[in-house]
Each structure stands twice: as structure tokens, then as C-alpha cells.
Amino acid sequence: MVPSAGASPAPPPRTGAARAAYRFGFAYAGLYCLTSPQVYLALRGGGMGRLQEAADSWAKLWEVRPVRNWMSVRVLGKELGDRFDGGDDPHTWAGQLCWLAGAAAATPVWSVLDRNRTDRAALDKWVRLAARFCLAGQMFSYGAAKAVPLQFQLPPSKLVEPLGDLSPMGLLWAQTGSSKPYQMLLGCAEIAGGLLLIVPRTASLGALVSAAEMAQVLLLNMTFDVPVKVHSFHLLLLSLLLLAPHTPRLAGALLTDRPVPAAVPTDLFRSRRANRIATALQAGAGLWLLGAQLRNDWSFWKNHGGGREKPELYGVWDVTDFSIDGERHPPMTTDGQRWRRVVVDSVDAVAIQHMDDSLDPCMAAIDMNARSVALTKMADPKWQVTFTFERPADDRLILEGDADGYHLRLHLRRRDLGTFPLVGRGFHWVQDNSYLR
């Protein structure tokens, strides 16, 4: 017998240890969710004028940067900077210490104030509702970034970068970005977990799907050194906490042939009409969160990601002839001045590949009317060069300009991206030997 979705068994036993653990867990989860609020991200993503401004103000309030900085200085011995990437940086670890300390301080106070209460079933229902929406919001955020697809990209420069030069995270990003259908299906699975969570009747199934998804995400983050280990661990923990009351019934259904008892209802109100309204409001709020996230990611993908129009010079350009002050440089791998390739990833991103295969990413400004390409190295912003170009043919280019005190002239030929097996091989039902290349 399959467990009744969305329902929950009775709250944990009312022993002193169980009550203390429950209060600590509630305080810890509450602090984490408030300082990592998906609601303000959805508001901001929706771009809704005053709502967006309110969301930014809420974000600054709940980021509790002064408290995190105090904790970081006192415990970690390091003052936090202004930048916060949301990864496993000192800002996050200082927050981790704050959550633990806050939960540890709140638990005994709560125990004293609530010592005469014997029934916490109503509180448990509302706690689970808040946890469900916090987790659902994060599943929407993770899922929308893949379903669009936005999170994983495979720019042309990755096609010529040596495999050994990729970081573990860079390899994972390139592998996933090489298959849009795979990335989009991953996103749809995460969105499905969030959608199941927002409906009370299917919430337990949503927690199960989310736990499976976040277990995979955490495994990838740990094995490919992706710097979101702390956050993904908390989302997996939140999924398991929502699923924990159902563990005995799930185990009984899967491992034994004994009848599985019905789940205890988790209606928020006594009135059937009120509960129907509450269910409709939950579904509406969840769909609004998802819609705002999808709209934001779609807009970003169209304007800044893989969905925007490719520049005319897009692609991999092999340098066939390279001259410095009129002197030709043959393609020697020991030549530190010669370039091997120029790769145009987008209208504002170009990479220079040297003869040792190292890449210099550059910010770019390509002006097709003026026939010019302005480059600024990201690793050395003082290095700025403007090339003029001629285009004798669609796949031919001649660049000319001054760099490092020399006059450079380059002849380039564009390579068909379909010649890269990662791009051009396609799908095969019948195996051939091309998969070995």
C-alpha cells in the first residue's frame, strides 16, 4: 500500500530529549531559511517595481552581514569582504556558525517559555508548511536554471581548451552543457519535486523526489569540488526532515508485506472549506514562485545567455599566419608571442589561445560597422588592444593592431564547429566506431 501523499504521522514522541531536538531543529531550519530566502529571490526575479525594491531590502536585512562578520572575526579570524558569491566562502561558513549558535541559544529559552504546552501538533503543521515552501522555492530555482537552459553552457573556447587544464567543476559544467536535453530534463525533475511539495496531498512524494535530486546534486558538488556543498547539504537535510515522519510507513510498504496504516491528516484548519482555500492558496503561491523564476531566467538567457543572437564572428578562428612588426612567426609551440587561435564566444567575450594551448579570456567590443575588435584581458585589465579587421570571405579574417609595443597582423580561418565530435557527432541508435574518437 502506497503512503498517502501529503499526510503526516503524529509529531515525534513527547519526551524531553525529543522536544529539545525538535525545538533546536526548528530554530536552526528557521534561521537557515530566513537567511537564505528563496521568496525574495523570486520577487527580485519577477522584476515587479516596488516589490523588487522591497525584496532587495528584505535580502539585505536577512543577510545579517554584521552578525556574520562578527562571528567570522571572533571564530575564523577573518573579516568578511563586501563580495558574497553564495558558495562555500567565509561568508557562508560564518553563517553556519551563526545558525548553530542561534539555535543553541533559542532552544533552552523556548523550552522554558513553552514548558506547559503538551500538544504541538498545530505548530508542527505550520512548521512543515514553511519548510515545504522553502525547499520548493529552492527546487524551482535550481530547476528553472537548467530547464531554460541557463546554468550549464558550452562556449566555443571550451572546445579547444585542453581537458587537463579544466578544473573538476569546469569539466562537469562542460559535460552537462554539451547536452541541452539532458540539462533540461534535470531541471524538469527538480521543478517536479517543487511542484509536488506545494500541494499538501503530494508533499511527501515531493520530499522523496527532492531528496533523490539533492542527493545527486550533493554528490556532484563533493566529487567535482563545486563550491555549493553547504547549501546543497542543507537542502538534502531539509528534504529528509520532511520525509522522516514517513520513514516507518515507507519501510513497511517497501520491505514487508504487512498492511500499512493510514497517515494522520495534516489539515491546517478544522473547516473543510478553509482547508480547500488553504490548498488553493498554497498551489497558487507555489506556481507564482515558479513563474517568477522561469520568467527571470528566460529573460536572462535571451539577453545574456545562450539564447541571445550570436555575433557574425562567432566561433573558433585558427591563426594561419602571424606577423610581428612584419616578421612572420611559424607555428612553433615554443613561441611565447605567437597566437594559435582567437575564439569568439559572444559579442562581449573573446579568448586568445597561445601556442602552449593556454587561454587568455578577454572582454570584447566588436563593431561590425567600424570593422574593429577591442579586447581587454580579464587577468590584466591594463592590457587593452584594438584591432581593425578585414573579411575577405565568410571564413577568413585579417586582424591588424598594436599590442605589447609591437604591430601584429594575423590571418585567420574559421573552423566549422561541426568538425568537433562533441558538437557534430549527434545521436545514433546503431553503434559505430566514431564513438571511440
[X] bridged to [Y] by N-O distance under 4.0 Å:
X      : Y      : result
Glu390 : Arg396 : no
Arg414 : Asp394 : yes
Arg328 : Asp321 : yes
Asp395 : Arg413 : no

I'd like to know if the side chain of [X] pairs up with that of [Y] as donor and acceptor (distance under 3.5 Å, no hydrogens or angles considered).
X      : Y      : value
Asp416 : Thr419 : no
Trp383 : Asp404 : yes
Ser372 : Asp367 : no
Lys146 : Gln183 : no
His407 : Glu400 : yes

For the pair [X] and [Y], name the ring-plane relationship: parallel under 30°, tilted 30 to 60°, perpendicular over 60°.
X      : Y      : result
Tyr28  : His234 : parallel
Phe387 : Trp339 : perpendicular
Phe427 : Trp429 : perpendicular

>> So Leu195 and Leu287, do their side chains get closer than 4.5 Å, heavy atoms only?
In response: yes

> With a 4.5 Å limit on heavy-atom distance, are the side chains of Val342 and Leu412 in contact?
Replying inline: yes

> Does the salt bridge (charged side-chain N to carboxylate O under 4.0 Å, His left out) test come out yes or no for Lys377 and Asp360, once each step is laid out?
Replying inline: CA-CA 7 Å; Lys377 285 186 180 180; Asp360 256 334; 3.1 Å; yes

Over 12 non-hydrogen atoms of neighbours within 6.0 angstrom of [atom1] in [X]:
X      : atom1 : value
Arg308 : CZ    : yes
Trp93  : CH2   : no
Met368 : CE    : yes
Lys180 : NZ    : no
Phe24  : CZ    : yes

> Are the aromatic rings of Phe26 and Trp110 close, with centres under 6.0 Å apart?
Replying inline: yes

>> Please find the pair of heavy atoms, one from Leu197 and one from Ser210, that lie closest to each other, and give the distance.
In response: CD1-OG, 3.4 Å

>> Please find the pair of heavy atoms, one from Met71 and one from Ala94, that lie closest to each other, and give the distance.
In response: CG-O, 3.9 Å

>> Please report the interatomic distance CG(Leu171) to CG(Leu166), rounded to the nearest 0.5 Å.
In response: 6.0 Å

